Amino acid sequence: VFTLRPFQTSTTYRNLKRTGVGVFHVTDDVELLARAAVGALTSPPAVRQLPGTEAHVLVDACRWFLLRVDELDDQAERTTIVCRPVLSGDQRPFFGLNRAKHAVVEAAILATRLHLIPREEVERQLQALRPLVEKTAGDAERRAFAFLEVYVAEHYARPAAVVEAGHG
C-alpha cells in the first residue's frame, strides 16, 4: 500500500483524482527529478506503454508500480491518497543516491518551496549543498544542480508581482 500526500494544486493530485490510477517510479535520474520538480522539462522523457493499460512507464526508471486509488481524502490542503499496486516491474538496479544525487534532490525540494521559505534560508541551504556536488558529482549531477541554482536565481530576479501571481 502506498499513501501519497500531494497538495491539491499538484499535477499528481489532479491526475489521480481524475483517473484513479497512476505510476510511481523509482529513479536515480536527478536531472529528470530536478526539472520535473519545478515544471521545466524541455521535452518529455522516454516512456513505454504498459500492455493492456493506458499507463506509461519511464524507459529509464529503475522500478515502477502501477497504482490504483483506494481512498482519496481531500478535506485538507494536503490530500491523503491511499493506493494499492496492481502491477510492478524492475527495469535495472537501483544503487541508491550518492551524496551529489542526494544534494540535487534536496535542492529540487528547496526549489519547489521558494514561496514558503525565506530567500536567505534557501540560499544558505543551497550553499551548504554545493560542496557535496563539487566533491562527488558526475556530469549529470553538476548539470542538475547548476540548473536549480539558475532556476532559484531567476525566481528571485523576477518582479514580485509575477512571483506572487504564481508564475515563479
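No experiment lies behind these values; they were computed from the predicted model shown.
At a threshold of 4.5 Å between non-hydrogen side-chain atoms, the residues Leu50 and Arg48 count as touching. No side-chain heavy atom of His102 sits less than 4.5 Å from a side-chain heavy atom of Thr136. Side-chain contact between Leu129 and Val104 is absent, with no heavy-atom pair separated by less than 4.5 Å. Annotation: side chain of Glu149 is in contact with side chain of Arg130 (closest heavy-atom distance under 4.5 Å). Residues Lys17 and Thr79 fail the side-chain proximity criterion, which asks for heavy atoms closer than 4.5 Å. Between Leu132 and Phe145, the closest side-chain pair of non-hydrogen atoms is not below 4.5 Å.
Heavy atoms only, all atoms of each residue included: Thr80 and Arg5 are closest at OG1-NH1, 3.1 Å. Between Arg63 and Ser88, the shortest heavy-atom distance links the atoms NH2-OG, 4.4 Å. In terms of heavy atoms, Ala100 sits closest to Ala137 at CB-CA, 3.5 Å. Closest heavy-atom contact between Ser10 and Phe7: OG-O, 2.8 Å. Counting all heavy atoms, side chain and backbone alike, Val23 lies closest to Trp64 at CG1-CB, 4.1 Å. When every heavy atom of Pro131 is checked against every heavy atom of Ala128, the shortest pair comes out as CD-O, 3.4 Å.
In this structure, Tyr151 and His155 have parallel ring planes: the angle between them is below the 30° cut-off, well short of the 60° mark.
Put simply, the side chain of Gln8 gets close to the backbone of Asp74: a donor and an acceptor are under 3.5 Å apart. For Glu154 (side chain) and Arg158 (main-chain N/O), no donor-acceptor pair under 3.5 Å exists by modelled atom type. Within the 3.5 Å criterion, the main-chain N or O of Ala103 finds no donor-acceptor partner in the side chain of Glu141. Under the 3.5 Å distance criterion, the side-chain polar atoms of Lys101 are matched with a main-chain donor or acceptor of Asp28.
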Applying side chain to side chain contact (heavy atoms under 4.5 Å, CB included) to Leu110 and Val152, what does each step give before you reach the verdict? CA-CA 9 Å; Leu110 275 174; Val152 170; over 6 Å; no

Passes side chain to side chain contact (heavy atoms under 4.5 Å, CB included), Thr53 versus Val21? Steps please. CA-CA 10 Å; Thr53 74; Val21 296; over 6 Å; no

Checking side chain to side chain contact (heavy atoms under 4.5 Å, CB included) for the pair Gln91/Val57: CA distance, chi angles, key distance, verdict? CA-CA 10 Å; Gln91 299 185 149; Val57 173; 3.5 Å; yes

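There is a path of hydrophobic side-chain contacts, each under 4.5 Å, that joins Leu126 to Leu97. Hydrophobic clustering, with ILVMFWY side chains joined whenever heavy atoms are under 4.5 angstrom apart, keeps Leu32 apart from Val105. Residues Leu87 and Leu58 do not share a hydrophobic cluster, clusters being chains of Ile/Leu/Val/Met/Phe/Trp/Tyr side chains in contact below 4.5 Å.
Summarising the geometry, atom NE2 belonging to His56 is positioned 12.0 Å from atom CG belonging to Leu66; distances are rounded to the nearest 0.5 Å. In this structure, His25 NE2 and Asp60 CG are separated by 10.5 Å, a value rounded to the nearest 0.5 Å. Distance check: Phe65 CZ to Phe2 CZ gives 4.5 Å after rounding to the nearest 0.5 Å. Between Glu106 atom CD and Arg99 atom CZ the span is 13.0 Å, to the nearest 0.5 Å. To the nearest 0.5 Å, the span separating CD1 on Ile81 from CG on Leu67 amounts to 10.5 Å. If you take CD on Glu31 and CG on Leu148, they are separated by 10.0 Å, rounding to the nearest 0.5 Å.
The side-chain contact (heavy atoms from CB on, under 4.5 Å) search around Thr27 returns Asp29, Leu33, not counting sequence neighbours.
In the hydrophobic clustering (ILVMFWY side chains linked at under 4.5 Å, chained through shared members), Val59 stands by itself. Val82 shares a hydrophobic cluster with Val1; the chain of contacts runs through ILVMFWY side chains whose heavy atoms sit under 4.5 Å apart.
No side-chain N or O of Glu123 forms a donor-acceptor pair with one of Gln127 less than 3.5 Å apart.
Other residues, nucleotides and ligands contribute more than 12 heavy atoms inside 6.0 Å of the CD atom of Gln49.
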